[in-house]
Amino acid sequence: MSEHATHQRIPRSVATGSFLEQDSRKTAMWAFIGSETLFFGSLLAAYLVYKPRNLALGGPHPHEVLDINFTAVLAAILLASSVTMVLSIAGIRANSQKRFLGWLLATALLGLCFIGGQVIEFATLFNETFQTVTITHPDGTIEKRGVLSHELEHDGLHAIEAAAPAGSQIEVDETKRPITLDTSLFGTTFFVLTGFHGTHVAIGVIWLLSVFVRGLRGGFSPINYVGVEIAGLYWHFVDLVWVVLFTVIYLI
Amino acid sequence: MATTAVVLPKPATPTTAGWRTWLTTVDHKLIGIQYLVTSIIFFIVGGLEALLIRAQLGAPNNTLVSADLYNQLFTMHGTTMVFLAIMPLNTGLANYIVPLMIGAEDMAFPRLNAFGYWLFLFGGLFLYLSFFLGVAPNGGWFAYAPLNTCADRTLTECVSAGLGRGMDYWGLGLLILGISSLAGAINFIVTIVKMRAPGMTFNRMPLFVWATLVTSFLLLFALPAITVAIIMLMFDRIAGTHFFSSWGLNPQLYGDPLLWQHLFWFFGHPEVYIMILPPFGIISEILPTYSRKPIFGYAFIAYSSVAIGFLGFTVWAHHMFAVGMGPLANAAFATTTMLIGVPTGVKIFNWIATIWRGSVRFTTAMLFAILFIAMFIIGGISGVMLGSPPYDLQLTDTYFVVAHFHYVLFGGAMLGIFAAFYHWFPKMTGRIMSERLGKWHFWITAIGFNLTFLPMHLLGVLGMPRRIYTFDSEMGWNTWNLVQTIGSFLIALGVLIFAWNLLVSLRRGERADANPWDGGTLEWATASPPPPYNFLKHPVIKSRYPVWDMGSKVETTPDDPAEVERALAHLPAPTIYPLILAAGLTVMMIGIIYRGPWLAVTALGLIVSIAGMYGWIRQISILPEEEEEEEEELEEVTH
Amino acid sequence: MIMGRRAQLRLLAVALLLLLPVLAACGTEPQSILDPKSNNAREIHNLGKIFYWSALAVFVLVEGALVYTIIRYRQSKNPEPFHIHGNTKVEIAWTIAPAILVAFLAIMTYSTQAKITTFPENPFVVRAIGHQWWWEFEYPELGISTAGDMYIPAGRDIKVELQSKDVVHSFWVPKLMGKTDTLPGLTNYLWFNAEEPGEYYGQCAEFCGEQHALMRFKVIARPQAEFDAWAAAMKEPPPAPPQSAGLCLGCHTFDATKPSTVGPNLRNFGSRAWIAAGALENTPEHLAAWLHNPEAVKPGNLMSTVVKPGVLTDAQIQELVTYLERLKVE
């Protein structure tokens with residue numbers, strides 16, 4: 001075996017410097033993450049470009065339809081899963097299969113919780129309806145607002161009337177539209193963007209579980225855990241994307 | 001030789017490999033050849049489409065093809081030449097040559113490499129499936145919105161409006177090809193960054209390797225833009241979202257057609273450099289070889305590639321000067337566009353200086369390289385003219401633009417690729433391509449190319465728009481169109497000779513030794529064709545042209561059979577799973593196009609994909625003890 | 001050496017020969033950009049001349065250097081190569097040289113752009129609306145609308161408002177102005193001053209679907225007085241349509257003061273040179289063929305979803321042809 005090792009010819013790198021000595025798979029993962037950053041960047045750009053347009057065309061305002069408290073919990077869950085991922089890798093480094101596998105499973109389960117939360121969020125939105133209220137100001141400018149139907153029924157137009165300048169004409173579109181992919185630019189951009197993030201989380205969960213199964217069979221050791229590391233890299237990236245999405249969509 | 005106990009490995013060449021090898025190989029050299037052969041076939045198909053286009057435009061008011069067929073032809077011609085010919089030709093060459101140039105055994109991820117090839121092949125076949133079903137994409141290779149979105153319309157309305165499923169094939173096909181390119185880009189980056197021979201610093205890397213590295217980074221950052229754009233387009237067409245639609249029925253919902261253009265060109269412009277940078281690298285290898293003189297200004301050429309790569313991401317909206325972005329935005333993009341002319345100019349001067357005071361051998365490869373420079377100069381000059389917004393308002397979307405990018409992509413990229421074929425064919429096959437046929441190919445191509453594309457500048461100036469299937473005889477365009485049509489058939493004759501040359505030389509070409517052209521880079525140190533493991537011993541690289549500087553010391557002769565056996569044992573085993581996974585992913589797409597009950601096909605594709613992925617993962621992650629078990633099982637079976 | 005010079009001269013001769021037609025033959029073609037007929041087209045053309053001369057200079061210099069080099073240093077002439085890896089001074093020099101040229105061209109570009117994008121005060125406004133596949137022209141100040149031919153007063157600043165009813169088109173009249181796209185949901189603008197009366201050809205320049213090639217139009221510039229007379233005549237109610245025109249009225253109108261609904265306004269159809277945006281010359285025979293089966297003439301057009309062969313009888317077609325050709329406004 002040792003004789004074999006002296007003839008080991010792949011992969012070999014000349015130069016020095018830590019990143020060059022990194023495992024190839026990790027380098028590949030970093031490159032992939034670089035590409036994915038632009039993937040989410042483009043989707044997010046579309047969301048941001050269309051945000052004012054959505055409002056101007058009478059689409060629903062994100063802050064009025066989204067349950068920020070609920071998704072804050074989801075964000076916390078996903079952030080926690082990054083911590084458990086770190087603990088899992090610390091476990092395998094310390095040669096503790098128990099800690100490694102336990103935290104890994106916890107990470108996957110937290111990921112599953114996040115997906116479950118997102119399913120609930122989407123379902124809630126699908127069941128909501130909104131209506132477009134057109135406010136014609138005395139000077140002739142037209143303003144549109146998307147308002148949730150149940151809020152309209154509950155509060156009526158008082159809040160809108162109070163906010164609009166005196167003498168404005170207010171008209172409510174009677175068609176109730178659900179909040180889905182095809183009813184507003186908000187729906188279009190929001191569901192595709194967060195949906196793709198959710199898909200990434202789902203892929204991550206499957207990946208973590210397959211690492212777990214392999215780990216159960218003794219596939220990793222303190223000197224051989226690159227397979228865990230790259231799954232972890234991916235997982236941290238997906239978490240980071242959510243931090244950005246949460247900030248941009250829900251908080252700003 | 002006959003007395004040695006161990007049989008020396010027969011290098012698998014195009015002529016000796018069996019069909020099983022072709023399906024399962026993970027050898028970068030065989031995969032490179034698969035890429036090259038497949039993309040030459042697509043190149044010929046794309047060329048036939050071009051001939052039909054030219055035949056239709058040969059005379060005014062011609063009725064050879066219908067309007068819709070004409071639109072299908074130019075859409076598929078563009079898509080084919082970009083995604084199925086030039087890009088994979090570059091990938092194929094790099095696949096074969098880059099590991100040899102840097103002294104590596106293979107690519108960093110041989111299975112991923114095979115996966116990339118199979119996705120490319122199936123993606124291409126998937127696109128062409130539409131042709132056989134009579135619904136080829138007809139919305140332009142740039143697929144502008146809202147022409148190609150279907151939101152606010154039912155599927156039947158879309159189909160009756162000529163927005164049939166063709167563009168679904170286009171979008172999903174490009175997604176498949178995008179995954180293939182992404183896999184390739186990551187593989188090249190890791191290979192080049194991590195697997196160079198001892199002593200080969202970045203500063204000693206061959207310029208073709210530099211070009212491949214920059215191209216891979218461009219792919220990495222440009223592909224997501226078109227992936228996202230196509231995903232949005234598909235959502236608009238299938239799920240009724242409103243990313244780009246403003247076709248009219250519900251103005252309360254619409255998105256902005258310009259978002260498509262921005263996303264598309266954010267990819268589309270770097271894409272131009274993705275196609276042209278590898279041929280820049282090829283030229284930078286060929287000129288020194290046949291001038292017998294090192295490249296002039298190595299650092300300038302390498303860094304100008306990097307500069308072009310960066311600037312390439314800042315110029316996309318020069319494709320959109322006429323959309324009404326406003327004078328400020330137009331001026332900004334004009335500035336970056338003109339700026340990018342500088343590093344490109346520097347390259348041309350360096351190439352000429354490389355030939356200067358050299359000893360020039362006019363081989364076919366060298367002739368093509370010289371013609372490349374001559375033609376690319378014209379493409380560069382017209383590019384600067386188009387970069388000026390006021391003048392571009394007159395020239396854009398006319399035949400002047402068609403002339404410009406054919407001077408860049410045919411006069412540039414394709415001529416560079418032809419040069420590469422003549423240059424590296426001996427390395428790949430052990431035989432030299434016929435120089436006599438090569439010279440015919442060269443002169444016919446040179447004349448045909450200029451007959452076809454030089455008058456296009458003029459036609460643009462005379463006001464002939466692009467993408468029109470017919471024109472009136474009173475427009476003053478008749479003569480030049482006829483000249484171009486004649487020229488295009490000359491090009492076709494040239495390609496025919498080239499294809500014939502490939503076939504004939506493969507069987508009967510003059511035998512080549514390891515270094516028939518007296519090249520200086522590392523690929524010329526190993527046998528022609530190279531053994532599966534490429535190199536046995538690894539020389540320490542001390543200069544940019546190791547073979548010139550160290551002579552026969554770099555040469556590796558497989559003298560010790562035991563060593564050869566060990567080298568072979570290290571190579572990754574052939575595998576069928578990349579093919580299965582690629583096939584599964586492609587089958588999934590078919591179901592998505594037709595939906596309804598056809599989603600069963602998608603489910604089938606998903607199952608195949610999962611099976612492929614499972615097999616693949618199992619293969620690479622076999623635990624040490626399992627490996628032993630399997631060997632035992634094997635023994636049991638064999639006994 | 002002598003060979004080299006001769007080859008260089010030969011190359012120069014070839015280059016000039018190839019450029020000759022560009023410089024000499026152009027101008028008579030109806031869509032040539034080398035024959036500007038408006039202030040802005042001329043500005044662009046003047047910028048173009050700077051580009052052409054710079055291009056020619058660069059072309060001759062660089063191609064000349066290339067050809068000289070390969071001939072002078074061919075193997076038989078220069079068997080031993082001279083080994084040199086580079087020369088930083090030279091390389092800096094030839095980085096700066098193109099940079100200076102490009103900077104010069106950029107400055108010329110900005111100055112021309114400033115001129116053509118500065119809109120004049122009190123222009124005459126025409127709204128050009130792209131449809132698949134024909135052009136509609138509205139005159140907001142006059143309250144009239146037409147299609148196919150855009151009438152304008154010569155010698156006046158014209159501001160064109162560009163809109164689209166469906167997909168992206170591009171409004172282009174090469175002799176009057178560079179093209180600008182028409183986008184659904186957005187309005188773009190361009191302006192020019194056609195100094196002389198005349199007819200100028202235009203064509204959609206952005207691929208817009210099956211019949212992109214047949215989306216042509218004309219700009220007809222007339223002296224102000226003649227233009228005013230034309231506008232006044234357009235406002236006149238049309239002659240009473242025949243019974244058979246009922247089907248047409250679903251999509252068309254014969255009254256220029258009413259907005260077009262689906263198809264082109266036909267008030268001055270008889271004065272137009274073309275049928276279906278350049279598909280056919282406007283003759284009674286062609287019009288009859290068009291009314292019989294529009295799909296055969298221009299596949300994919302919207303009218304053929306209603307007017308299929310046999311929908312109109314021969315007698316009806318004759319009646320319509322007679323009526324439509326009478327709709328002249330001069």
Side-chain angles (χ1 to χ4, degrees), chain B residues 66-68 71 140 144 146-147 162 246-248 254 257 291-294 296-298 300 322-324 327 331 334-335 338 341-342 345-346 348-349 352 355-361 370 373-374 377 381 384-385 388-391 393-394 397 454 458 461-463 465 467-470 475-476, chain C residues 18 21-22 29-34 44 47-48 51 55 58-59 62-63 65-66 69-70 73-75 78-83 85-86 91 94-95 98-99 102 106 109-110 112-113 116-117 166-168 170 174 178-181 183-185 188 203 205-207 209-213 299-300:
Chain B
S66 69
D68 189 49
N71 296 343
Y144 270 13
L147 180 63
S246 37
W247 194 293
Y254 58 65
S291 306
R292 294 210 291 139
K293 187 169 164 284
F296 188 92
Y298 172 93
F300 272 76
V323 303
T335 309
M338 299 217 174
V342 177
V346 168
I348 289 172
F349 296 139
I352 296 176
I355 313 174
W356 185 264
R357 301 188 74 177
S359 178
V360 179
R361 284 179 287 163
I370 292 166
I373 303 175
I377 293 169
I381 292 173
V384 173
M385 297 175 80
S388 168
Y391 212 58
L393 290 185
Q394 286 287 23
D397 278 317
L454 204 59
L458 189 53
V461 167
L462 296 183
R467 301 165 185 139
I468 56 171
Y469 73 94
T470 184
M475 304 305 286
Chain C
L18 290 170
V22 186
E29 294 79 2
Q31 284 181 195
S32 169
I33 66 170
L34 301 179
I44 295 176
L47 177 69
F51 272 94
V58 171
F59 176 82
V62 185
E63 300 279 10
L66 174 67
T69 308
I70 59 170
Y73 297 107
R74 63 192 190 278
Q75 197 177 23
N78 197 41
E80 269 317 300
F82 175 77
H83 272 248
H85 288 270
E91 289 181 60
W94 68 40
T95 309
V102 155
T109 293
Y110 304 146
T112 305
Q113 182 173 274
I116 65 169
T117 53
D166 36 52
V167 303
V168 183
S170 196
K179 60 188 76 63
T180 300
D181 293 354
L183 297 144
N188 277 332
Q203 186 161 7
E206 182 62 83
F207 179 62
E210 190 170 354
Q211 292 296 341
H212 165 56

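Quick note: numbers below take in every heavy atom, side chains included, and nothing from hydrogens, waters or symmetry partners. Every chain is numbered from 1 and lettered A, B, ... according to where its sequence line falls, protein lines coming before strand lines.
Heavy atoms closer than 4.5 Å to chain C are found in the backbone of B/S291, but not in its side chain. Only the side chain of B/I381 comes within less than 4.5 Å of a heavy atom in chain C; its backbone stays farther off. Residue contact with chain B, scored on non-hydrogen atoms closer than 4.5 Å, involves the side chain of C/I116 exclusively. Only the backbone of B/Y298 comes within less than 4.5 Å of a heavy atom in chain C; its side chain stays farther off.
Side-chain contact between C/E80 and B/R292 is present, with at least one heavy-atom pair separated by less than 4.5 Å. Residues B/F296 and C/E91 have side chains in contact (heavy-atom distance under 4.5 Å, counting atoms from C-beta outward). Using a 4.5 Å cut-off on side-chain heavy atoms (C-beta onward), B/I355 and C/L66 make contact. Side-chain contact check for C/V168 versus B/P146: some heavy-atom pair is nearer than 4.5 Å. Residues B/Y144 and C/V167 are not in side-chain contact: their nearest non-hydrogen atoms beyond the backbone lie 4.5 Å or more apart. The shortest distance between side-chain heavy atoms of C/F51 and B/V384 falls below 4.5 Å. Counting heavy atoms from C-beta on, the side chains of B/R357 and C/H83 never come closer than 4.5 Å. C/V62 places a side-chain heavy atom less than 4.5 Å from the side chain of B/F349.
Summarising the geometry of C/E210 relative to B/N71, their closest heavy-atom pair is CA-ND2, 3.2 Å, with the distance given to 0.1 Å. In terms of heavy atoms, C/D181 sits closest to B/V323 at OD2-CG1, 3.2 Å. Nearest heavy-atom pair, B/R467 versus C/H212, reported as atom, atom and distance to 0.1 Å: O-CD2, 3.3 Å. Residue C/K179 comes nearest to B/A322 through the heavy atom pair O-CB, 3.8 Å, listed as atom of the first residue, atom of the second, then distance.
Ranked by heavy-atom pairs shorter than 4.5 Å toward chain C, the options B/G341, B/A374, B/G140, B/P389 are led by B/A374. Top candidate by heavy-atom pairs under 4.5 Å with chain B, chosen from C/G300, C/A55, C/A213, is C/A213. If you tally non-hydrogen atom pairs under 4.5 Å between each of B/A67, B/P465, B/S66, B/G358 and chain C, the highest count goes to B/G358. The choice from B/G324, B/S359, B/S388, B/G297 that makes the most heavy-atom pairs within less than 4.5 Å of chain C is B/S359. Chain C forms the most heavy-atom pairs under 4.5 Å with one residue out of B/I348, B/I370, B/T470, B/V360, and that residue is B/V360.
Remark: B/Y391 OH to C/T112 OG1 distance equals 11.0 Å, nearest 0.5 Å. Once rounded to the nearest 0.5 Å, the distance linking CD1 of B/I468 with CD of C/Q211 reads 12.0 Å.
Each of B/I352, B/I373, B/I377 was compared with C/E63 under the side-chain contact (heavy atoms from CB on, under 4.5 Å) criterion, and only B/I377 meets it.
Formation of a donor-acceptor pair under 3.5 Å by the C/Q113 side chain with backbone atoms of B/P327 is found in this model.
Under 3.5 Å, the side chains of B/T335 and C/Y110 contain a donor-acceptor pair of N or O atoms.
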Exercise. Going through the distances and angles, do C/S170 and B/D397 end up as a side-chain contact (heavy atoms from CB on, under 4.5 Å)?
Worked result: CA-CA 9 Å; C/S170 196; B/D397 278 317; 5.5 Å; no
